[in-house]
Amino acid sequence: MAEQRYDPTSIEPKWQQLWEREHTWQVSNDPGADGAEPKSYVLEMLPYPSGEPHVGHLKNYALGDAIAHFHRRRGERVLHPMGYDAFGLPAENNAIKTGVHPRVATDRSIAAYRHWFHRWGISIDWSRELGTHEPSYYRWTQWIFLRLYERGLAYRKEAAVKWCPFDQTVLANEQVIDGRCERCGHEVELRQLEQWFFRITDYADRLLDDLDAIDWPENVKAMQRNWIGRSEGAEVTFRCQDADPAHPVDYPVFTTRPDTLFGVTFFVLAPEHPDVLKLVAGTEHEAAVHEYVNRALTESAETRGAADKPKTGVPLGRTVINPVNGEQTPMFVADYVLMEYGTGAVMGVPAHDQRDYEFATAFGLPIRPVVAPGGAEDPDVSAAAFTAHTDDERLINSGAFSGMDAVAGREAIVGWLQEQGAGHSSVNFRLRDWLISRQRYWGCPIPMIYCDTHGLVPVPDADLPVRLPEIEDYQPRGRSPLAAAEDWVNTTCPRCGGPARRETDTMDTFVDSSWYYLRYCDARNDTAPWDREVLGRWMPVDTYIGGIEHAILHLMYSRFVVKALADMDLLDVQEPFRQLFTQGMILGADGNKMSSSKGNVVAPSEIVERFGADAARCYVMFMGPLEQDAAWADTGVEGVYRFLSRLWRLGEGLAGAPGEAGQPAAPEGDALTLVRKANWTIDKVTADVAGRWSFNTAIAAVMELVNEVYRHPEADDGARRFAVATAASLVFPFAPHLGSEVYEMLTGRRVWTEPWPDADPAMLVAETFELVCQVNGRVRDRVDAPSGAPGEELEALCRASTGVRAHLDGHEVVKVVVVPDKLVNLVVR
RNA sequence: GCGGCGGUGGUGGAAUGGUAGACACGGCGGCCUCAAAAGCCGCUGUCCUUCGGGACGUGUGGGUUCGAAUCCCACCCGCCGUACCA
């Protein structure tokens, strides 16, 4: 007889075809008559279709699939859909290079992704598939834009914006990394342009506060908190009278340290501050200030932003009045003050702020300490003083406030300012509004029209979608390529019918992906983006899985959009993603990030062809903790393949009399050992998958069970069959084809219709256990002891063991610690 | 600076105050074979050993505890995020 071998190339297509034919993973929006099954919405971040999927995708979707399968078999109605984030720059840049329409290249990639998701056996409800570039989808992206516009949450304004000279488009703050374009790495420039924004800053407080209510990794929450950057402090008004005594001008500043107001010795405006040039017009300082401002404005964000750069600036020859003591304080312009944060003006307190200290030192300005430990009169004003803080910080040199505790002093000073009308407590955020317009072709058109008579007019809902026109030339030229599509641009005003022009910018693709998980709930609705009631049956996403790189951008934008839609009474959740899981990266075998230039890229297609989808999937789950980065090892896949082969061969050897794979009634000897091990495995895998997402140890447990079956070839077939069927059942979420195959061989049934097994509590305990015998906390022996034996009995067994007796000689036992069913520790002197 | 995470065999990792190193890779030995592949079985933290066992061992130094990889304090190193944010 020829030896049978595990052959994934015949097993896997068989099950894939069956699942496709029977739409096995399709789920209805109708919960059914009883409606008793709890829902579970399991979602992996949708892919950007480019070329073919890589191993990171394999891990992402294998991971989510295991969760989806597990929940289904625990009796939940699971929504597990798929779509494509199809608009975006890479396809467009490729079009510029090759002349191939971005839609053609994108659809080709989508086909490849779809193919591989089938080939990997991912359990997707394909009836809800979508692409964000389809008019049936982006129609509703535009619809959402219009709703935001109506609420005043989408608006146009001119602002200094980040411009990528290579991609020829503006970028959101979040898309600028270290002063460079997130996509192409080119240094960004600042440009004064009129652009579309979403008013995400209106939601800053809620975006911050609601983080406490969601089950997300701490580092992601921390990153979002950081990005939102809430600072509590005060706004304080400094008045400038000497520029034009008849018309004094007030300059408010934001400070987190109002308690240091008496320590202000200078006052600084950002180079971009609109009043800088006005203040020096016609004075001896004008030339120097002009030169300084021009240099600052042309400097790249990266150079200017360097924190270790020495402080520079020039005096304005003007003064402002410090409201707390009436002092005339000299004004400067300096590039360490940023126009985009606070008011673009800063009060300089060199004794209590590192940057102000550096500036004061460079310009010979006085340094006046106003807070000191214990109220000391002559405190340290060196740089070291910034980091040394004590519990007892008191105000000094602060007029009537001197002697007060710093915290109380802060409140007192703000209260006084408020009475004088010179300030008030205030909260400042780092978060800026979301710049969403892009001067590029391959995106969702912004549904707005410019009419000569009526100005900005929204496209009526009935006219949606505003379709992306066909164009010949994708080359960006500082304005949207859409502007060249004259037939499309020229339209009529929806209000008066007069000649009008369309908005030619497209939306940031993060707008497309900020709501796709809502559309899945009701993906084929063509009268509305979703039915609110249907949405209510699925949202929020219970488990969201993706890479950490979206910690800020996508996840913050989605949270904003959901909150805005909730405020419009269009849906009923405040947060889109209840639980978030961020998976670690798969690195190349050399431990580096995979990249074609390093030649360390692992193509999942090759792995799947050589070892099968199940082995590939199991391996990426087995590599280590899912949230951790891990380096690829070919030998690791082989090891997992070996394990699956062993399981398959066991199933093959036992197949023949299906239907008898339940737990044997009264197993003994080897059979009992196997039945116990199987139940232990059920318990372990269930806890590892449900409780702590520890898939590597779950798979290891099934390996142990398989090894145990090999170790007991003489056990009766009933017990072996039970153990092997259990292994197949438990491995199914990770290796769905093999799990299905082996389970069917043994039982004739489909494993995914079987409920997730429950461990038999009676089989989780044995009549004896290995008692660990310790002396002074060190293991000296191990003996068999009856389970549930009383402490005295365990102590006696421990004292009697040879290993312990050798260490008891001539010593007095002063204490005995007994851990039932585990160990005895004798403490001796 | 600030915030988050981590440091365990040759390697990936396991161990949520109770047997450190599960499982897997790699390595060594054996069986099967004419041979190989595949497969199966055994050994594999370090050092010492009279072969019974013993000592040491989870970044470093302290502490708490009968007992610490795990908790506490201090420090060293690494990774990730963020930063002239007033």
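Letters A, B, ... mirror the listed sequences (proteins, then strands); counts begin at 1.
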Which dot-bracket string fits RNA chain B when only Watson-Crick or G-U wobble pairs with both atom distances under 3.5 Å count, crossing pairs get [ ], and | stands for a partner on a different strand? (((((((..(((.....[....)))((((((.......))))))((((....))))..(((((..]....))))))))))))....
Counting only side-chain N and O atoms of [X], is one of them less than 4.0 Å from OP1 or OP2 of [N]?
| X | N | value |
| --- | --- | --- |
| A:Arg646 | B:rC40 | yes |
| A:Arg778 | B:rC56 | yes |
| A:Arg430 | B:rA83 | yes |
| A:Asn707 | B:rA24 | yes |
| A:Arg355 | B:rC85 | yes |
| A:Ser231 | B:rA86 | yes |
| A:Gln774 | B:rG18 | no |
| A:Arg649 | B:rC40 | yes |

Angle class for the A:Trp693/A:Phe695 ring planes (parallel below 30°, perpendicular above 60°, tilted otherwise)? parallel
Is the centre of the A:Phe332 ring less than 6.0 Å from the centre of the A:Phe359 ring? yes
So do the side chains of [X] and [Y] get within less than 4.5 Å of each other, counting heavy atoms only?
| X | Y | result |
| --- | --- | --- |
| A:Phe643 | A:Val702 | yes |
| A:Pro733 | A:Val689 | no |
| A:Tyr341 | A:Val346 | no |
| A:Trp632 | A:Val637 | yes |

Quick one: [X] [atom1] to [N] [atom2], roughly how many Å, whole number?
| X | N | atom1 | atom2 | answer |
| --- | --- | --- | --- | --- |
| A:Phe643 | B:rG12 | CZ | P | 22 Å |
| A:Ile548 | B:rC80 | CD1 | P | 12 Å |
| A:Asp629 | B:rG7 | CG | P | 14 Å |
| A:Met621 | B:rC23 | CE | P | 21 Å |
| A:Lys593 | B:rC79 | NZ | C1' | 13 Å |

For A:His424, all residues meeting side-chain hydrogen bond (donor to acceptor under 3.5 Å, both in side chains), sequence neighbours excluded: none
Mind checking side-chain hydrogen bond (donor to acceptor under 3.5 Å, both in side chains) for A:Arg559 and listing every partner two or more places apart, or none if nothing turns up? A:Gln224, A:Glu575
Tell me which nucleotide among [options] gets nearest to the side chain of [X].
| X | options | result |
| --- | --- | --- |
| A:His807 | B:rG54, B:rU19, B:rC66 | B:rG54 |
| A:Pro625 | B:rA14, B:rC85, B:rG81 | B:rA14 |
| A:Ala700 | B:rG18, B:rC23, B:rU82 | B:rC23 |
| A:Met703 | B:rU82, B:rA15, B:rA24 | B:rA24 |
| A:Arg5 | B:rG13, B:rC66, B:rA38 | B:rA38 |

Considering every strand and a 4.0 Å limit on heavy-atom distances, what is the contact class for [X]: base, sugar-phosphate, or nothing?
| X | result |
| --- | --- |
| A:Phe622 | base |
| A:Val817 | base |
| A:Asn696 | sugar-phosphate |
| A:Arg225 | nothing |
| A:Pro217 | nothing |
| A:Gly229 | nothing |

Is the glycosidic torsion of B:rG9 within 90° of 0, making it syn, or is it anti? syn
Determine if the base of B:rG39 is syn or anti; take syn to mean the glycosidic torsion is within 90° of 0. anti
Quantified in whole Å, what is the P atom distance between nucleotide B:rC43 and nucleotide B:rU8? 26 Å
Closest to the 5' end of RNA chain B, once A:Ala222 and A:Val346 are matched to their nearest nucleotides, is A:Ala222
Taking CD in A:Glu218 as the centre, count heavy atoms belonging to other residues, nucleotides or ligands within less than 6.0 Å. Is the count above 12? yes
